Chemist: 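One structure, pasted below without further comment.
Note that this is a predicted model, so its numbers are computed, not measured.
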Amino acid sequence: ACGTGRQASLLHSLGCRTVGVDRSEAMVGVAREKLPEVRFEIGDVEHVPFDDASFDLAVVSLALCHLADPGDAVIELARVLRPGGTLVITDPHPFGGVLGGQAFYGGIAPDRPMTWVRNNHHSASTWLRSFRSAGLSVDECIEEPFSDEQIASSPADLVFPAAARAAMAGLASVWVWVVRKV
């Protein structure tokens with residue numbers, strides 16, 4: 001789920017040999033234009049088109065939330081990791097869903113419905129079960145709070161700014177899980 005290549009760009013700039021995978025041909029097309037020196041493939045996070053133990057690091061950002069259950073994807077990502085390899089997952093935190101939870105694209109335009117993708121909020125127990133099933137151990141779990149910019153961009157902030165800030169301050173916006181293949 002490399003999308004348009006944001007994480008691939010960072011990893012490539014750090015000198016990593018990088019491969020991006022996404023099921024969207026449009027996203028992969030944008031990524032290839034931005035980063036012609038990086039390899040991008042069409043594929044699905046639940047069926048990664050690589051051999052077992054192919055990678056030292058796998059990164060998936062804001063994508064597993066689109067699955068009702070991340071378990072099969074986590075098992076698949078663990079399959080392509082070498083022993084001792086690291087998987088980093090960033091996904092919306094359930095607290096972030098208190099104020100919405102869908103991913104909207106393209107903005108609002110007259111006579112055009114908004115485009116959106118369903119976000120599912122997975123609990124800590126869901127993540128831990130998925131990691132255990134995949135033979136992964138948790139190195140770190142970061143619960144990143146809403147930033148001032150995120151709060152200010154909330155529709156609630158336009159109507160009730162003080163209430164929005166009071167409600168969102170300190171709440172976790174995303175999980176960042178760092179897990180290792182045993």
Side-chain angles (χ1 to χ4, degrees), residues 1-14 16 18 20-24 27 30-31 34 44-46 57-78 86-108 113-134 136-180:
C2 68
T4 61
R6 183 177 15 175
Q7 280 74 20
S9 177
L10 173 65
L11 291 169
H12 180 71
S13 75
L14 295 172
C16 298
T18 306
V21 178
D22 200 287
R23 70 179 179 179
S24 167
M27 294 279 201
V30 171
K34 286 172 37 177
D44 188 280
V45 72
E46 293 179 299
L57 172 67
V59 177
V60 63
S61 180
L62 303 175
L64 298 185
C65 58
H66 301 312
L67 305 174
D69 186 322
D72 289 343
V74 170
I75 289 169
E76 181 66 357
L77 291 162
T86 300
L87 171 60
V88 178
I89 298 171
T90 304
D91 233 32
H93 193 284
F95 286 168
V98 170
L99 302 167
Q102 306 322 315
F104 291 94
Y105 301 96
I108 299 172
M114 284 197 76
T115 304
W116 62 280
V117 176
R118 172 82 172 107
N119 276 357
N120 298 282
H121 296 285
H122 304 116
S123 65
S125 61
T126 297
W127 287 114
L128 294 172
R129 176 183 37 80
S130 298
F131 300 146
R132 187 175 48 254
S133 295
L136 300 167
S137 64
V138 176
D139 283 351
E140 193 165 7
C141 173
I142 301 162
E143 296 176 280
E144 187 65 30
F146 281 101
S147 67
D148 290 339
E149 293 80 18
Q150 286 174 302
I151 295 171
S153 71
S154 165
D157 191 69
L158 293 173
V159 181
F160 300 108
R165 289 179 189 285
M168 297 171 73
L171 282 183
S173 170
V174 296
W175 304 101
V176 180
W177 292 97
V178 180
V179 296
R180 188 167 316 279

Chemist: Could you label the plane-to-plane angle of the Trp177 and Trp127 rings as parallel, tilted or perpendicular, counting under 30° as parallel and over 60° as perpendicular?
Modeler: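 Tilted, since the angle between the ring planes falls between 30° and 60°.
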Chemist: What do the steps show when you test Leu11 against Leu57 for side-chain contact (heavy atoms from CB on, under 4.5 Å), and what is the final call?
Modeler: CA-CA 10 Å; Leu11 291 169; Leu57 172 67; 3.9 Å; yes
Chemist: Look at the side chain of Asp139 and the backbone N and O of Val179, then say whether any donor-acceptor pair between them is shorter than 3.5 Å.
Modeler: no
Chemist: Below 4.5 Å, heavy atoms only, C-beta onward: do His121 and Cys65 meet side chain to side chain?
Modeler: no
Chemist: Quick one: OG on Ser61 to CG on Asp91, what's the gap to the nearest 0.5 Å?
Modeler: 8.0 Å
Chemist: I would like to know whether His66 and Asn119 meet side chain to side chain donor-acceptor pair (under 3.5 Å); could you show each step before the answer?
Modeler: CA-CA 5 Å; His66 301 312; Asn119 276 357; 3.2 Å; yes
Chemist: Nearest 0.5 Å please: distance from the CD atom of Glu140 over to the CD1 atom of Ile142.
Modeler: 4.0 Å
Chemist: Are Ser137 and Arg180 close enough, and set up right, to give a side chain to side chain donor-acceptor pair (under 3.5 Å), and what steps lead you there?
Modeler: CA-CA 5 Å; Ser137 64; Arg180 188 167 316 279; 5.9 Å; no
Chemist: Got a second to check how far Leu171's CG is from Glu144's CD, nearest 0.5 Å?
Modeler: 13.0 Å
Chemist: Between Pro94 and Trp175, is there a side-chain heavy-atom distance shorter than 4.5 Å?
Modeler: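 With C-beta onward as the side chain, the pair touches.
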Chemist: Return yes if a side-chain donor-acceptor contact under 3.5 Å exists between Thr126 and Ser123, otherwise no.
Modeler: yes
Chemist: Atom CZ of Phe131 and atom SG of Cys141: how far apart are they, to the nearest 0.5 Å?
Modeler: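 Here the interatomic distance stands at 8.0 Å.
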Chemist: State the SG-CG distance between Cys2 and Asp22, to the nearest 0.5 angstrom.
Modeler: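 Reported value, rounded in 0.5 Å steps: 5.0 Å.
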Chemist: For Arg6, which residues count as a salt bridge (charged side-chain N to carboxylate O under 4.0 Å, His left out) partner, sequence neighbours excluded?
Modeler: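 In terms of salt bridge (charged side-chain N to carboxylate O under 4.0 Å, His left out), with neighbours along the sequence ignored, Arg6 is linked to no residue.
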Chemist: What residues, two or more places apart in sequence or in another chain, satisfy salt bridge (charged side-chain N to carboxylate O under 4.0 Å, His left out) together with Arg129?
Modeler: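 By the salt bridge (charged side-chain N to carboxylate O under 4.0 Å, His left out) rule, Arg129 matches Asp69.
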